[in-house]
Number of protein chains: 2
Amino acid sequence: MVTYAIWLFVRATHLTIGKLDSRDMDAVFQALAHESRRRMLDIVKTEPGIAVGALAAEFDVTRIAVLKHLAVLEEANLIISERDGRMRKLYVNAAPIQMIYDRWTTDYSAYWASEMTRIKYLAEASHQHEKRSQTGNS
Amino acid sequence: MVTYAIWLFVRATHLTIGKLDSRDMDAVFQALAHESRRRMLDIVKTEPGIAVGALAAEFDVTRIAVLKHLAVLEEANLIISERDGRMRKLYVNAAPIQMIYDRWTTDYSAYWASEMTRIKYLAEASHQHEKRSQTGNS
DNA sequence: CGCATATGTAACCATATGGTTACATAAAAC
DNA sequence: GTTTTATGTAACCATATGGTTACATATGCG
């Protein structure tokens, strides 16, 4: 497990350095676009090293359906696994989400913050404009 | 446009207060899962009030394909529009992204930060363990 | 070694997605 | 009033998605 953690670190560092290209982004957002898959991520995050079958038991759908969702998450590099005998232990890799956060979400959050400020200013300006109009009419 | 900005503010405030439920999240992530749609968001962000046709002209696919993507973005509340005669002006609504950022991305970013710290610690501990092993053998 | 358990693959199916062309409607321009 | 322009709807089609059942393979346990 220690050597695996080092592998995880090296791999994640590589991902952090590397660019998350457009198709990677597609894959990550697509993976997150289904509630079951977000729930799977949460479960694996809470229980690192959980086995495939134990994860599948948490859902109302067939084990195979969960395997399919798992494949989507793995394809998006959101989940990585380590074979341990006949078991497969699953771990969250939050690097892609971190990179989206770094490169995309914060961009729009900054935009949002500036929009809110601008709209507030316009609302106040509009309110004063209405006041002046009424004073003129009376 | 001023009254529309106020409407935008009120609507966005309502969204901020309201909960982004699971299906909303599905819709937002799904909307962001296609490069053309992310590009559309970027263009509308850069040119608020752009018309549908002008937006469509920026892409290699048919106008109808862009309309379909637009419908996805509107369904996810990421883009809102205002009819102006025969034109339809488009605006970005970054509130859903902000809410995902608030409720989901930062959660995993915090997890990621703690994981990086933990892995670094394990890597150092492992490195010292190897040093001791070599000393013992020689 | 035989049985139990964990995981995976293949095939099927209904629905969704992302593109296309053809046609329709309404507003703007002349 | 007629023509042009902007947008939208409908239908079609190939592929993808998200589920299912049946079967296969490998590891673990008694």
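Being a predicted model, the structure only gives us computed values, none of them experimental. First the proteins, then the strands, lettered A, B, ... as listed; each starts at 1.
At least one donor-acceptor pair closer than 3.5 Å links the side chain of B/Asn93 to the backbone N or O of B/Asn77.
In this structure, A/Ile79 CD1 and A/His69 NE2 are separated by 12.0 Å, a value rounded to the nearest 0.5 Å.
Sorted by first then second residue, the ring-ring contact (aromatic ring centres under 6.0 Å, His included) pairs that include residues 38-58 of chain B, not counting sequence neighbours, number zero.
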Under 3.5 Å, which donor-acceptor pairs do the side chains of residues 25-35 of chain A form with other protein atoms, sequence neighbours left out?
| unit_1 | atom_1 | unit_2 | atom_2 | d |
| --- | --- | --- | --- | --- |
| A/Asp26 | OD1 | B/Glu35 | N | 3.3 |
| A/Asp26 | OD1 | B/Arg38 | NH1 | 2.8 |
| A/Asp26 | OD1 | B/Arg38 | NH2 | 3.0 |
| A/His34 | ND1 | A/Ser36 | N | 3.2 |
| A/Glu35 | OE2 | B/Ser22 | OG | 3.1 |

Tabulate below the donor-acceptor pairs under 3.5 Å that side-chain atoms of residues 57-66 of chain A make, not counting sequence neighbours, or state none.
| unit_1 | atom_1 | unit_2 | atom_2 | d |
| --- | --- | --- | --- | --- |
| A/Thr62 | OG1 | A/Ala65 | N | 3.1 |

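Rounded to an integer number of Å, the gap from A/Glu82 CD to D/dT27 C1' is 16 Å. Whole-Å rounding puts the A/Leu55 CG to C/dT7 C1' distance at 13 Å. Atom CZ of B/Arg88 is separated from atom P of C/dA27 by 15 Å (rounded to the nearest Å). Atom CG of A/Leu67 and atom C1' of C/dT9 are 10 Å apart (whole Å). Distance, B/Glu74 CD to D/dT9 P: 10 Å, rounded to whole Å.
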Distances under 3.5 Å only, N/O to N/O: pair up the protein atoms with those of nucleotides 1-3 of chain C.
none

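A continuous path of hydrophobic side-chain contacts links B/Leu78 to B/Ile43 [ILVMFWY only; heavy atoms under 4.5 Å]. In the hydrophobic clustering of this structure, A/Met87 does not group with A/Ile50; members are Ile, Leu, Val, Met, Phe, Trp, Tyr whose side-chain heavy atoms approach within less than 4.5 Å, directly or through other members. Hydrophobic clustering, with ILVMFWY side chains joined whenever heavy atoms are under 4.5 angstrom apart, keeps B/Ile97 apart from B/Val72.
Within the 4.5 Å cutoff, side-chain heavy atoms of B/Leu70 are placed close to those of B/Leu90.
Heavy atoms only, all atoms of each residue included: A/Lys89 and A/Gly49 are closest at CG-O, 3.4 Å. When all heavy atoms of A/Arg83 and A/Arg86 are compared, the pair lying nearest together is NH1-O, 3.3 Å.
Where B/Leu70 and A/Gly85 meet DNA chain D, the nucleotide closest to each residue was compared, and B/Leu70 sits on the side nearer the 5' end.
Rotation axes derived from the C1' atoms of the five outermost pairs at either end of the helix from C/dC1-D/dG30 to C/dC30-D/dG1 lie 20° apart, to the nearest 10°.
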A correct 5'-to-3' footprint of nucleotides 15-26 of chain C, with B, S and - meaning base, sugar-phosphate only and no protein heavy atom under 4.0 Å, is ---SBBBB----
